[in-house]
Amino acid sequence: QVQLVESGGGLVQPGGSLRLSCAASGNFFRAYTMGWFRQTPGNQRERVAVITNGGSTNYADSVKGRFTISRDNAKNTMYLQMNSLRPEDTAVYYCNEAGTRLDWGQGTQVTVSS
C-alpha cells in the first residue's frame, strides 16, 4: 500500500516562507510525475506544481516565481519551497501522483496571516 505523508506546514506572516515535504513509501516514486495540490474549504483541490521523474517542472500561474518544487528520488521525497507567501496561499497542501491516482494523505495546513 502506497502512503504519502505531507509535513512542514504552519502559520506564517505574509511575505514569509515555508518548505513542505512529501515522504512516499514504496518503490514507485522515482518513476512517477508527482505534484503538489492545495484545497480550501468549499473548493476543489487545485494543482499548484508538478515535477517529472527527470526533474522538469510546471507551475500554476498563481504561484509561478514564488514556489519551487523539487524531489530527491533516493529519499523518495518531494519538496515545495514556498516564498513570498500571501494570505490567498492559505490552504491544506497535499502531494500525489500528477494524475491523482494514489490515495490522498492527510495533508499539511498552511496559514498565511498577520
Side-chain angles (χ1 to χ4, degrees):
Q1 181 101 10
V2 172
Q3 284 190 316
L4 300 169
V5 179
E6 302 92 347
S7 62
L11 173 64
V12 63
Q13 292 187 341
S17 298
L18 283 173
R19 188 193 195 206
L20 306 185
S21 297
C22 168
S25 65
N27 294 321
F28 73 94
F29 179 82
R30 63 194 64 201
Y32 282 16
T33 293
M34 296 293 294
W36 282 100
F37 303 78
R38 65 186 181 187
Q39 187 174 26
T40 54
N43 293 307
Q44 290 187 334
R45 279 191 185 102
E46 64 167 336
R47 192 171 73 180
V48 297
V50 294
I51 184 167
T52 69
N53 58 356
S56 297
T57 59
N58 189 266
Y59 299 91
D61 287 344
S62 59
V63 307
K64 202 171 291 184
R66 300 187 297 121
F67 290 11
T68 302
I69 188 172
S70 61
R71 67 192 294 165
D72 185 338
N73 289 336
K75 295 182 178 179
N76 284 357
T77 303
M78 179 174 67
Y79 306 97
L80 186 68
Q81 177 67 43
M82 306 187 295
N83 298 329
S84 302
L85 282 162
R86 304 168 179 168
E88 54 263 39
D89 295 319
T90 296
V92 179
Y93 284 72
Y94 302 86
C95 60
N96 207 315
E97 183 270 334
T100 68
R101 290 179 288 179
L102 303 174
D103 291 338
W104 293 98
Q106 82 289 349
T108 186
Q109 175 71 48
V110 172
T111 302
V112 185
S113 175
S114 55

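This one's a predicted model, so the numbers in the text were calculated from it and none came from an experiment. Residue indices begin at 1 and follow the sequence shown.
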Partners meeting side chain to side chain contact (heavy atoms under 4.5 Å, CB included) with Ser84 (sequence neighbours left out):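 Checked Ser84 against side chain to side chain contact (heavy atoms under 4.5 Å, CB included); matches are Arg66.
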Holding to side chain to side chain donor-acceptor pair (under 3.5 Å), I want the full list of residues that pass it with [X], two or more places apart in sequence or in another chain.
| X | result |
| --- | --- |
| Lys64 | Asp61 |
| Gln106 | none |
| Ser7 | none |
| Thr40 | Asn43 |

Qualifying disulfide (SG to SG under 2.5 Å) pairs with a residue from residues 30-91, counting only residues at least two apart or across chains: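 Disulfide (SG to SG under 2.5 Å) check on residues 30-91 returns no pairs.
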Sequence neighbours excluded, every pair satisfying disulfide (SG to SG under 2.5 Å) that has a member inside residues 32-75: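 Those involving residues 32-75 do not exist here.
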Remaining members of hydrophobic cluster (4.5 Å side-chain criterion), Trp104: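 Same cluster as Trp104: Phe37, Val92, Tyr94.
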For residues 11-24, run the donor-acceptor check on the side chains, cut-off 3.5 Å, and write out each pair with its distance to 0.1 Å, sequence neighbours left out.
{"unit_1": "Ser17", "atom_1": "OG", "unit_2": "Asn83", "atom_2": "OD1", "d": "2.9"}

With Tyr32 via ring pair (Phe, Tyr, Trp, His ring centres under 6.0 Å) - residues at least two apart: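 Phe28.
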Pairs meeting criterion salt bridge (Lys or Arg N to Asp or Glu O under 4.0 Å) with involvement of residues 71-88, two or more places apart: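 Listed once each, the pairs would be none.
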Pairs meeting criterion ring-ring contact (aromatic ring centres under 6.0 Å, His included) with involvement of residues 45-79, two or more places apart: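 Output for this query is empty, none listed.
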